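Read the structure below first, then the notes.
On a predicted model such as this, the values are computed, not experimentally measured, just so you know.
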2 protein chains.
Amino acid sequence: MPSSIPDIVISRLPIYLRALERLSQEGHEVTSSHELGKRLGISSAQIRKDLSHFGGFGKQGTGYKIAFLREQLRQVLKVEREWEVALVGAGDLGSAVARYKGFAERGFHIACVFDSSPEKVGRSIDKFSIQSIDQLPSIIQERGIRIAMIAVPAEHAQEVANTLVGAGVKAILNYAPINLSVPDDVHVQYIDPVLHLQRMTYYLT
Amino acid sequence: MPSSIPDIVISRLPIYLRALERLSQEGHEVTSSHELGKRLGISSAQIRKDLSHFGGFGKQGTGYKIAFLREQLRQVLKVEREWEVALVGAGDLGSAVARYKGFAERGFHIACVFDSSPEKVGRSIDKFSIQSIDQLPSIIQERGIRIAMIAVPAEHAQEVANTLVGAGVKAILNYAPINLSVPDDVHVQYIDPVLHLQRMTYYLT
DNA sequence: AATCTAGCGTGAAATTCGTAACAATGTTAT
DNA sequence: ATAACATTGTTACGAATTTCACGCTAGATT
């Protein structure tokens, strides 16, 4: 394993993993770089090259055993374990995120939900009881939580990020439509569906 | 303007636009590639180069007038107008999407909501009355809708996409965790928050 | 008016990324 | 057993992308 694998390669692995899980569900047991590539709209050469960064997962002549490759990718991505995630913001967006089943189904458990509004603190969303943001640092530190999602208005997102970083969070999924400044050792990913729409309107005549 | 501008450049423009709108809200009137770059974690040279694909929007020595640059980017991206968007799927995810205010605020109006379940048809989510998917082609064609969002289970996403494409949709924002096959002239963007989380766990020790 | 400074636009250089091609190797058919 | 075939892992190449560096212009300063 080279000391540093390009970021862009890492970003494709979850896509491969997702496709493998789908293939598995459909009853397939083996696949090839060609089949995967066709499904994903990615060249077979790229898939082979990406995977080869981590060692030989396939067999010449036969392709890849799906169960095995999936397990290897899970380990590379460190998603063979379960992760606890903190959610900050219990407004419309935060509530929707809290209720979304897809996180837990795929190994990311929402461990706690915070909001700054005294009205909301103490209420519940599904099984989650909303806690005051004042308690965020101590709770996150105690439970050793490393991943958080931000679903607060843009005006407060940076402030929340600072608090999270101070509490030891190292990965942030930001739903607020704003770029965050964080230390180099903290990872941030963004979700803004409007951005995706705007990327497509350019091409509409 | 070169005949073909790299996709990756286009994909950054909405990020610039979002930052400009924020700067504007904060009361700034001019900015520079350095200031923008610092906010976004992008090099100033890249910002200048990206923008220069579309003509000289700045002034040497002084930078960019925010209001002007914003308007130019809006026109380039074709988001100076309002767009109508169809939403397919009125389950948990679809309902959350329908209720999200961020789309309309930024020029994307949900024009109609479809679901295949007879139970849901006729009910409402906020102001949207859920319509049968059988009526999708005629409604989309009549209203000339070109953009759609898919929020149905993965199993049905491809089928829905085919229907949408048949009805004339040219841009799809897919919330289902599956890759879609569509003709070359149809654009697809994906939203899967779990993918983003998995991209970050790799880096957690 | 002359000088200075900030900062854009741009061509060239450097780097990163993707593709093509092929040797190696396992599988299947005869 | 041998031949024919399929498909990986990898290297070498070419394309795409980013960064560098500098000429040039607009405004600020003296």
Side-chain angles (χ1 to χ4, degrees), chain A residues 1-17 19-20 23 28-73 76 179 199 202, chain B residues 1-17 19-20 23 28-73 76 179 199 202:
Chain A
M1 290 151 267
S3 56
S4 170
I5 287 153
D7 222 67
I8 195 163
V9 172
I10 302 302
S11 78
R12 279 191 293 262
L13 298 185
I15 299 173
Y16 301 159
L17 178 56
L20 289 168
L23 280 166
H28 295 68
E29 300 209 332
V30 296
T31 188
S32 67
S33 58
H34 291 274
E35 185 180 28
L36 260 180
K38 202 169 169 193
R39 289 220 174 194
L40 299 177
I42 291 177
S43 81
S44 60
Q46 174 145 90
I47 292 175
R48 290 200 300 280
K49 188 162 209 194
D50 284 349
L51 296 178
S52 74
H53 281 101
F54 305 93
F57 293 151
K59 282 214 176 114
Q60 280 132 330
T62 60
Y64 300 93
K65 283 197 65 179
I66 289 174
F68 176 74
L69 179 54
R70 184 180 57 176
E71 197 47 40
Q72 294 299 310
L73 285 184
V76 166
N179 281 78
R199 280 173 191 162
Y202 172 80
Chain B
M1 288 148 269
S3 56
S4 169
I5 287 153
D7 222 68
I8 194 160
V9 171
I10 302 302
S11 78
R12 279 191 294 262
L13 299 185
I15 299 173
Y16 301 158
L17 178 56
L20 289 168
L23 280 165
H28 294 67
E29 300 207 333
V30 296
T31 188
S32 67
S33 58
H34 292 272
E35 185 180 27
L36 260 179
K38 201 169 171 193
R39 289 219 174 196
L40 300 177
I42 292 177
S43 82
S44 59
Q46 175 147 88
I47 292 175
R48 289 200 301 280
K49 183 150 250 198
D50 283 352
L51 296 178
S52 74
H53 281 100
F54 305 93
F57 293 151
K59 280 209 177 123
Q60 282 133 330
T62 59
Y64 301 93
K65 283 197 65 179
I66 290 174
F68 176 73
L69 180 54
R70 184 179 57 176
E71 198 47 40
Q72 294 299 311
L73 285 184
V76 166
N179 281 78
R199 280 172 190 162
Y202 171 80

Worksheet item: NA contact type, B:L51, heavy-atom cut-off 4.0 Å: base, sugar-phosphate, or nothing?
Response: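 No contact.
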
Worksheet item: For the residue pair B:I8 and B:S11, what are the closest heavy atoms and their distance?
Response: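 Closest heavy-atom pair between B:I8 and B:S11: O-OG, 2.8 Å.
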
So which protein N/O to nucleotides 5-7 of chain D N/O distances come out below 3.5 Å?
residue : atom : partner : partner atom : Å
D:dT7   : O4'  : A:G61   : N            : 3.4
D:dT7   : O4'  : A:G61   : O            : 3.4
D:dT7   : O2   : A:G61   : N            : 3.0

Item to complete: Give the first and the last nucleotide of DNA chain C, reading 5' to 3', that has any atom under 4.0 Å from a heavy atom of chain A.
Response: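 Using the under 4.0 Å cut-off, the span is C:dC17 to C:dT27.
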
Practice prompt. Any chance you could measure B:I5, atom CD1, to A:Y202, atom OH, to the nearest 0.5 Å?
Written response: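 Reported value, rounded in 0.5 Å steps: 4.0 Å.
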
Worksheet item: From A:I47 CD1 over to A:L13 CG, what is the distance, rounded to the nearest 0.5 angstrom?
Response: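 A:I47 atom CD1 to A:L13 atom CG measures 11.0 Å (nearest 0.5 Å).
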
Worksheet item: Who pairs with A:S52 by side-chain contact (heavy atoms from CB on, under 4.5 Å), at least two apart in sequence or on another chain?
Response: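 Applying side-chain contact (heavy atoms from CB on, under 4.5 Å) to A:S52 gives none.
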
Can you give me every donor-acceptor pair (side chain of residues 54-73 of chain A, partner residue at least two apart or in another chain, under 3.5 Å) with its distance?
residue : atom : partner : partner atom : Å
A:T62   : OG1  : A:K59   : O            : 3.2
A:E71   : OE1  : A:R74   : NH1          : 3.3

For residues 33-41 of chain B, please give each side-chain donor-acceptor pair under 3.5 Å, one per line with the distance, not counting sequence neighbours.
residue : atom : partner : partner atom : Å
B:S33   : OG   : B:R48   : NH1          : 3.1
B:E35   : OE1  : B:T31   : OG1          : 2.5
B:R39   : NH1  : B:E26   : OE2          : 3.4
B:R39   : NH2  : B:E26   : OE1          : 2.7

Discussion item. Expressed as a whole number of angstroms, how long is the span from A:K49:NZ to D:dC13:C1'?
Written reply: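 Going from A:K49 (NZ) to D:dC13 (C1'), I get 10 Å.
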
Discussion item. If I take atom CZ in residue B:F57 and atom P in nucleotide D:dA26, what distance separates them, rounded to the nearest angstrom?
Written reply: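 In whole Å, D:dA26 P lies 18 Å from B:F57 CZ.
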
Worksheet entry | By salt bridge (charged side-chain N to carboxylate O under 4.0 Å, His left out) - contacts of A:R12 (at least two apart) |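 Only A:D50 meet the salt bridge (charged side-chain N to carboxylate O under 4.0 Å, His left out) criterion with A:R12.
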
